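Single-structure report; data block below.
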Amino acid sequence: MDHIKEEDNKIIAKIRDFNLKHTFDCGQCFRWNEQEDGSYIGVAHGKVLHIYEDEDTITFLNTNMTDFQNIWIDYFDFNRDYGAIKDKLTKDDNIMAQAVEHGCGIRILNQDEWETIISFIISARNFIPRIKKSVELISEKYGRFIEEYNGKKYYAFPTPEELYNKPEEELKNLNVGYRAKYIQSTTFIVKENQVDVYKLENLDREMAKKNLLRLMGVGPKVADCILLFSMRKYKAFPIDVWVKRVMEYFYFKDGATNNQIQEFAKEKYEDLGGFAQQYMFYYARELNIGK
DNA sequence: CACCAGGTAATTC
DNA sequence: GAATTACATGGT
């Protein structure tokens with residue numbers, strides 16, 4: 001990332017290995033929406049951001065240099081060298097080379113822990129358009145109003161306090177079905193400080209995961225997503241139906257258990273498991289494997 | 001009308 | 001403990 005400059009209410013920067021569609025549509029986040037002109041508007045960390053892309057020149061609207069430095073560089077992981085990651089992953093692996101080519105502009109976002117927990121609880125046995133809708137509904141109903149931008153009102157994701165003590169029947173209006181009671185229970189546990197979700201990042205991956213698994217609706221796969229997308233545990237390799245299918249398709253002709261795939265990923269990708277998973281997930285969806 | 005969707009909790013063996 | 005089964009909701 002270089003040539004950062006600020007013009008009124010706008011940041012312009014040249015950023016390598018960053019593509020809006022790849023980053024926002026690769027399944028890691030639910031609050032970014034493509035606009036008619038191809039730009040994206042999203043909410044994160046209580047701010048509304050609008051982004052335009054023209055090859056490697058990226059324009060950030062509705063922000064300033066202070067927020068860019070303090071929030072967005074870290075959120076978008078701009079200080080990490082994704083070129084080096086891709087080189088390492090694709091060395092001696094033709095399949096990964098194709099996956100990386102397809103998802104060349106993916107960056108793993110550093111999202112809010114609490115928002116990521118609730119979002120991925122909702123994601124279980126669900127599908128992405130509905131997950132996005134539910135997260136939007138939760139924010140509109142319980143979150144703090146941020147501002148009106150381009151004629152639309154934007155709301156922050158509600159804090160544990162704001163989501164606390166809501167009747168299950170009310171939560172069901174969020175289109176989350178049977179997950180309403182998971183949200184209710186998890187909010188209770190977090191609000192009562194039985195799990196301090198903002199300190200888990202400081203624990204090692206296994207210990208952080210162990211704590212996450214105490215939350216209702218959080219199993220091994222959802223926990224791995226939370227670790228990877230909000231707690232910087234880049235060895236985490238979440239295995240869902242897509243990742244399982246694509247890994248079996250390319251590397252296990254006779255099928256494999258999740259444990260076998262985990263061991264394989266640990267061995268093959270070492271410290272880069274999370275990045276590898278995201279390239280493979282996005283590639284699997286593109287290939288529509290299993291359909 | 002079955003079957004499925006970024007799995008997990010509850011139940012059963 | 002390891003294997004089944006139920007689970008909301010909306011779309012094909």
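Order of the sequence lines fixes the chain letters, A, B, ..., with proteins taken first and strands second; residue numbering starts at 1 for each chain. Values below: every heavy atom of this structure, side chains too, minus hydrogens, waters and symmetry copies. Please read these numbers as outputs of a predicted model, since none were measured by experiment.
Taking atom P on both nucleotides, C:dA8 is separated from B:dT11 by 13 Å, rounded to a whole Å. B:dA5 and C:dA3 have their P atoms separated by 22 Å, given to the nearest Å.
In this structure, the OH atom of A:Tyr182 is 9 Å from the C1' atom of B:dA10, given to the nearest Å. B:dA5 atom P lies 23 Å from atom NZ of A:Lys133, rounded to whole Å. Spacing between atom CG of A:Asn175 and atom P of C:dG11 amounts to 10 Å, rounded to whole angstrom units. Per the geometry, CD1 belonging to A:Ile121 stands 21 Å off P belonging to B:dA5, to the nearest Å. In this structure, the CG atom of A:Asn126 is 12 Å from the C1' atom of B:dC4, given to the nearest Å. Distance A:Asn258 CG to C:dA2 C1': 15 Å, rounded to the nearest Å. At whole-Å resolution of the value, CD1 in A:Ile117 and P in B:dT8 are 14 Å apart. For the pair A:Asp240 CG and B:dC4 P, the interatomic distance rounds to 16 Å; values are reported in whole Å.
Nearest heavy-atom pair across A:Gly103 and A:His22 is C-ND1, 3.7 Å.
A:Ser39 and A:Asp37 form a side-chain donor-acceptor contact under 3.5 Å, judged by distance and modelled atom types alone.
A:Pro238 comes within 4.0 angstrom of no nucleic acid atom, judged by non-hydrogen atoms across all strands. At the heavy-atom level, A:Val243 lies under 4.0 Å from base atoms of the strands shown. Residue A:Phe127 is classed as a sugar-phosphate contact, given heavy-atom separations below 4.0 Å to backbone atoms only. A:Lys181 comes within 4.0 angstrom of sugar-phosphate atoms only, judged by non-hydrogen atoms across all strands, and of no base. Looking at heavy-atom distances under 4.0 Å, A:Leu171 makes no contact with the nucleic acid at all.
Using a 4.0 Å cut-off between charged nitrogen and carboxylate oxygen, A:Glu162 and A:Arg144 do not count as a salt-bridge pair.
Because its NZ or CZ atom is not both nearer than 6.0 Å to the ring centre of A:Tyr178 and within 45° of the ring axis, A:Arg125 does not count as a cation-pi partner of that residue.
Aromatic rings from A:Phe275 and A:Tyr269 are positioned such that their centres are separated by 6.0 Å or more.
Contact of A:Arg125 with B:dT8 (side chain to base): no donor-acceptor pair of N or O atoms is detected under 3.5 Å.
The distance from the CG atom of A:Leu61 to the CD1 atom of A:Ile12 is 8.5 Å, given to the nearest 0.5 Å.
Few gaps surround CZ on A:Arg214; more than 12 heavy atoms of other groups in view lie less than 6.0 Å from it.
Scanning residues 262-286 of chain A for heavy-atom distances under 4.0 Å to DNA chain C yields an empty list.
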